[in-house]
Every structure is written in structure tokens, then in C-alpha cells.
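Comments concern the structure below.
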Protein chains: 2
Amino acid sequence: MSSRKRSNPLALAVLICLFERPMHPYEVAATLRQRHKQESLRLNYGSLYAVVASLEKRGLIAPQATMREGRLPERTVYAVTESGKIEAHDWMTELVSTPVNDYPSFEAALSFLPALPPGDVVDLLEERAMHLKVELARAGATRELNEKAQLPRLFWVEDEFRVALREAEFDYVRRLIAEIKSGAFDGLEWWTEIHASTESQGTEATPTGKARR
Amino acid sequence: MSSRKRSNPLALAVLICLFERPMHPYEVAATLRQRHKQESLRLNYGSLYAVVASLEKRGLIAPQATMREGRLPERTVYAVTESGKIEAHDWMTELVSTPVNDYPSFEAALSFLPALPPGDVVDLLEERAMHLKVELARAGATRELNEKAQLPRLFWVEDEFRVALREAEFDYVRRLIAEIKSGAFDGLEWWTEIHASTESQGTEATPTGKARR
DNA sequence: AACGGGGTACTCTGAATCGAGTATCCGGAA
DNA sequence: TTCCGGATACTCGATTCAGAGTACCCCGTT
């Protein structure tokens with residue numbers, strides 16, 4: 001009934017925070033930031049207040065009280081409604097059970113790979129690999145801190161998952177580099193050729209290929 | 001200079017298509033669809049024309065001619081400009097060399113895992129694993145078709161990468177299921193407890209934890 | 001006593017996104 | 001012959017997003 005627009009997971013975050021106790025939007029943001037959710041969620045004020053307004057319009061949350069302290073702007077405290085609880089539950093169910101395409105930008109980049117000459121690509125991939133290595137090292141350190149602080153794994157599965165994906169990405173990038181360098185990469189001759197004339201831009205040669213499938 | 005807003009990779013796709021030869025926007029879309037780029041890119045008409053307008057405003061593409069056939073709507077053919085070529089090159093360089101956070105929605109879901117009872121989570125993760133298995137099987141079939149059609153790997157690295165990530169996700173999900181089921185998952189007692197009273201919604205108990213870090 | 005930096009709590013605006021809608025043409029079936 | 005479905009080529013409006021900006025407070029310094 002109310003699954004009209006389930007785009008922004010920030011709305012789910014709000015619902016779940018208000019599930020714990022009524023809060024005002026800024027407090028929700030502070031809570032999320034304190035729990036490091038800004039690494040898994042696009043958290044910024046413009047979206048936050050927009051999302052809160054939308055949730056209210058859809059009857060998933062309701063203002064409980066508006067108070068003000070001194071001459072500071074009003075704080076509107078919201079509470080989650082019954083249908084809000086149901087929506088949060090359904091949304092979680094969907095998110096966990098059903099994979100979706102998130103269109104990672106590196107995938108897009110790979111799909112345009114022929115646009116750059118293979119030599120440049122190798123250098124850029126090597127740079128990416130380095131960045132990934134650094135990121136993984138930092139993640140490992142954070143993980144150790146979490147363990148030392150006795151923070152149960154339940155509260156950092158999302159980091160663990162991110163690391164798993166990044167490791168897979170790292171492996172893939174390394175393999176790709178190796179194969180291009182070795183010359184064994186299928187399509188390399190054509191790829192080299194279309195970038196042969198110019199130093200670093202090939203204004204020619206459509207990668208027509210044969211119509212796929 | 002012109003890296004003002006590099007959000008939507010669809011703009012890069014347009015640039016690269018026009019690099020091959022001048023086209024009108026709809027033709028760009030058709031070309032991209034024919035090459036199965038809609039699996040790596042959010043491709044829809046609303047965004048396409050918006051993106052084209054923005055590229056024109058920024059001087060990265062320029063209208064070459066507007067023609068009409070019969071009483072069909074006008075087709076404006078665009079060509080990429082010199083600065084458009086540079087922008088495409090720089091953008092590609094950035095995309096390939098620098099990892100970014102794409103905020104995958106499953107990561108968000110994992111970060112709210114305590115909101116659902118562990119038993120439900122196991123079932124949902126198992127459903128996800130099944131979906132992933134199907135997807136991987138389909139991807140394998142597509143790959144074999146590509147190989148049989150002698151389509152060089154250069155033209156399906158993006159699919160290969162997607163598969164690598166999905167495989168990592170699959171492995172992670174399986175491990176998670178196993179650990180929760182075995183009872184070895186750290187934090188499971190607390191997790192079970194807060195969902196003990198009610199059948200499937202725990203309106204109580206803030207997962208306060210200790211303040212992280 | 002005045003000042004500055006950091007935190008609180010939003011507000012505003014312009015851009016981006018999405019999907020439905022429009023209007024036309026074409027080819028084949030009934 | 002006429003109708004119908006599908007392709008062509010966009011247009012429009014309603015959200016949604018992003019992030020800079022505003023206004024105030026508190027606290028320590030000079």
C-alpha cells in the first residue's frame with residue numbers, strides 16, 4: 001500500500017531510529033553519525049529534512065511535539081506510527097532478501113574501457129589497486145579496534161561486507177592488470193590498434209564489433 | 001576547470017558515443033541499449049535529455065544540425081567538442097583510478113540488521129542467496145554465449161566484474177547464514193533477547209551499545 | 001568585554017531524476 | 001482496408017537531492 005517510493009535508505013534509517021524513541025531530525029542525524037552510519041548511507045541535511053517531510057506526508061511518522069530552547073529554531077520531535085513500523089519491517093525484508101543493481105561507478109568505467117589506450121588503463125588500474133590496498137589496511141585497523149573494544153560483530157557486519165566486496169574488487173583489478181600486461185587479454189590487438197595513431201586520444205574507429213547475441 | 005558536476009555516468013556515456021560519431025540523443029540511447037550498457041548505467045529518457053542539455057550548456061557538446069522526417073519530432077544531432085573530449089578523458093581517468101563509495105543498498109540493510117529478529121534474517125538471507133545463485137547462473141550462460149560468439153573479452157569486462165562482486169556477496173551471505181545458524185555469531189544472545197517478547201516486532205530496547213571508538 | 005570557533009537546528013534554492021505521457025510513423029494481420 | 005502493436009523521438013511535471021547558507025548558543029581566550 002505504502003511502498004510508493006522506496007528509493008532513499010535514509011528514510012529507513014529515520015524510521016528505525018524513531019523506532020527506538022521519538023527524536024527530532026537533527027538528533028536522528030547525530031545518532032546515525034555517532035554510529036558511523038554515514039559510511040553506509042548518504043547522510044546530508046537537505047535530504048534528511050526532505051525525507052522526514054515525505055515520511056510525515058505518507059503517515060509513517062507523526063510530529064509529537066514542537067519545542068524551542070531560547071531563540072534557537074524550533075525542534076519538531078517525531079514518532080513512528082503503526083504503519084511506519086510495518087513499512088520499516090517490509091522495507092528491511094525487501095532489502096535483505098532481494099538483490100538489486102546498484103550501478104557501481106567502476107562498472108560503468110569498465111564498460112567504457114576501450115575509450116582509453118591500454119597502456120594508460122594499466123597505469124590507472126595500478127593506481128586504483130594502491131588506493132584499494134590503503135583502504136583495506138585502514139579497514140583492518142578499524143576492525144581490530146572494534147574487536148579490542150569488545151563491540152559485537154552484529155554492529156559491524158556492514159563494514160565486514162564492504163571489506164569483502166573491496167577485496168573482490170582488488171583481486172579483480174590485479175588479475176585484469178596482469179592479463180593486459182601479459183598481452184594475453186582478448187581483444188588487445190584491436191584495442192592497441194585504434195589508439196595507435198594519436199598519442200592519447202583515438203578520435204577514430206567505432207568499436208562496432210558484431211551485434212551481440 | 002569543467003569538473004563541476006560529475007555525478008551521472010550517463011553523461012560520460014553520451015560523450016563517448018558522440019566521440020564515435022555525431023548522433024541525436026535517442027540514437028545514443030539506442031546504441032547504448034544495443035550494447036547492453038543499460039545493465040551498467042541508469043538509462044532513461046528523462047535523465048538522458050536532461051544530461052544532454054547540461055552537457056550543451058557546459059560547452060562539452062554542440063548541436064550540429066536539426067532535421068525532421070515527416071511530422072515526427074525534430075531530431076537534434078550533437079557532436080562532441082574539444083573540451084568535451086578532454087572532459088571525457090579526465091572523467092574516465094578519475095573513474096578508473098579512484099575508488100568511491102557507491103552506497104550499495106545491501107550494505108545499508110546490513111547496518112540495520114538488529115531491527116529484525118535473527119530467525120527472520122536467516123530466512124531472508126537464504127532467499128537472497130537463492131536469488132544470487134540464479135543471477136550467477138544466468139550470467140554464466142551469457143558469458144558462454146559471448147565466448148561462442150567470439151566477442152572479445154574487452155567488451156564484457158564490466159559483466160565479468162559484476163559477477164566477481166556478486167560471487168563475493170554470495171560467499172559473504174553464505175558465511176553469515178552459517179555463523180548465525182551455528183549460534184557462534186557474536187552478539188546473538190543480545191539480538192535474540194531484544195526480539196524475545198514480541199512475535200516479530202521488538203518495539204523495545206535501544207541497541208545502545210557502548211559509544212563506538 | 002569582545003571575539004572566535006565549534007556545535008545546534010534547520011532552511012533555501014537550484015539542479016537532477018524518473019516515469020508517464022504525447023504524437024507520429026511503419027508493417028503486418030484480419 | 002483498416003486496425004493494432006511496436007518503434008521513433010522526445011516533453012513535462014512532480015519529486016528528490018545536495019550542500020551552501022542562516023541564525024543562534026555556549027565556552028574558552030585574549
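Every chain is numbered from 1 and lettered A, B, ... according to where its sequence line falls, protein lines coming before strand lines. Being a predicted model, the structure only gives us computed values, none of them experimental.
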- For A:Arg42 and B:Asp102, work out which heavy atoms get closest and say how close. NH2-O, 3.6 Å
- Nearest heavy atoms of A:Val52 and A:Ile61, plus distance in Å: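 Closest heavy-atom pair between A:Val52 and A:Ile61: O-CD1, 3.6 Å.
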- Task: Report the distance from atom CZ of A:Arg128 to atom CD of A:Glu135, rounding to the nearest 0.5 Å.
- Result: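 That separation rounds to 9.5 Å.
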- Item | Rounded distance [0.5 Å steps], CZ in B:Phe112 versus SG in A:Cys17 |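 Rounded to the nearest 0.5 Å, the CZ-SG separation comes to 7.5 Å.
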- Can you tell me if CZ on A:Arg153 sees more than 12 non-hydrogen neighbours from other groups inside 6.0 Å?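 Atom CZ in A:Arg153 is packed in, count exceeds 12.
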Between [N] atom [atom2] and [X] atom [atom1], what is the distance in whole Å?
| X | N | atom1 | atom2 | answer |
| --- | --- | --- | --- | --- |
| A:Leu10 | D:dG19 | CG | C1' | 14 Å |
| A:Leu48 | C:dT11 | CG | P | 11 Å |
| B:Arg33 | D:dG6 | CZ | P | 15 Å |
| B:Tyr49 | C:dG19 | OH | C1' | 14 Å |
| A:Leu43 | D:dC17 | CG | C1' | 13 Å |
| A:Gln34 | C:dT8 | CD | P | 11 Å |
| B:Arg75 | D:dA9 | CZ | C1' | 9 Å |
| A:Leu55 | D:dC17 | CG | C1' | 15 Å |

Under 3.5 Å, N/O pairs linking protein and nucleotides 16-18 of chain C:
unit_1	atom_1	unit_2	atom_2	d
C:dT17	OP2	B:Asn8	ND2	3.0
C:dC18	OP2	B:Asn44	ND2	3.4
C:dC18	OP2	B:Ser47	OG	3.2

- Anything under 30° is parallel, anything over 60° is perpendicular, the rest tilted; go ahead and classify A:Tyr45 against A:Tyr26.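 It falls in the parallel class, under 30°.
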- Think A:Tyr26 has a side-chain N or O under 4.0 angstrom from the OP1 or OP2 of C:dC10?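 Result: no.
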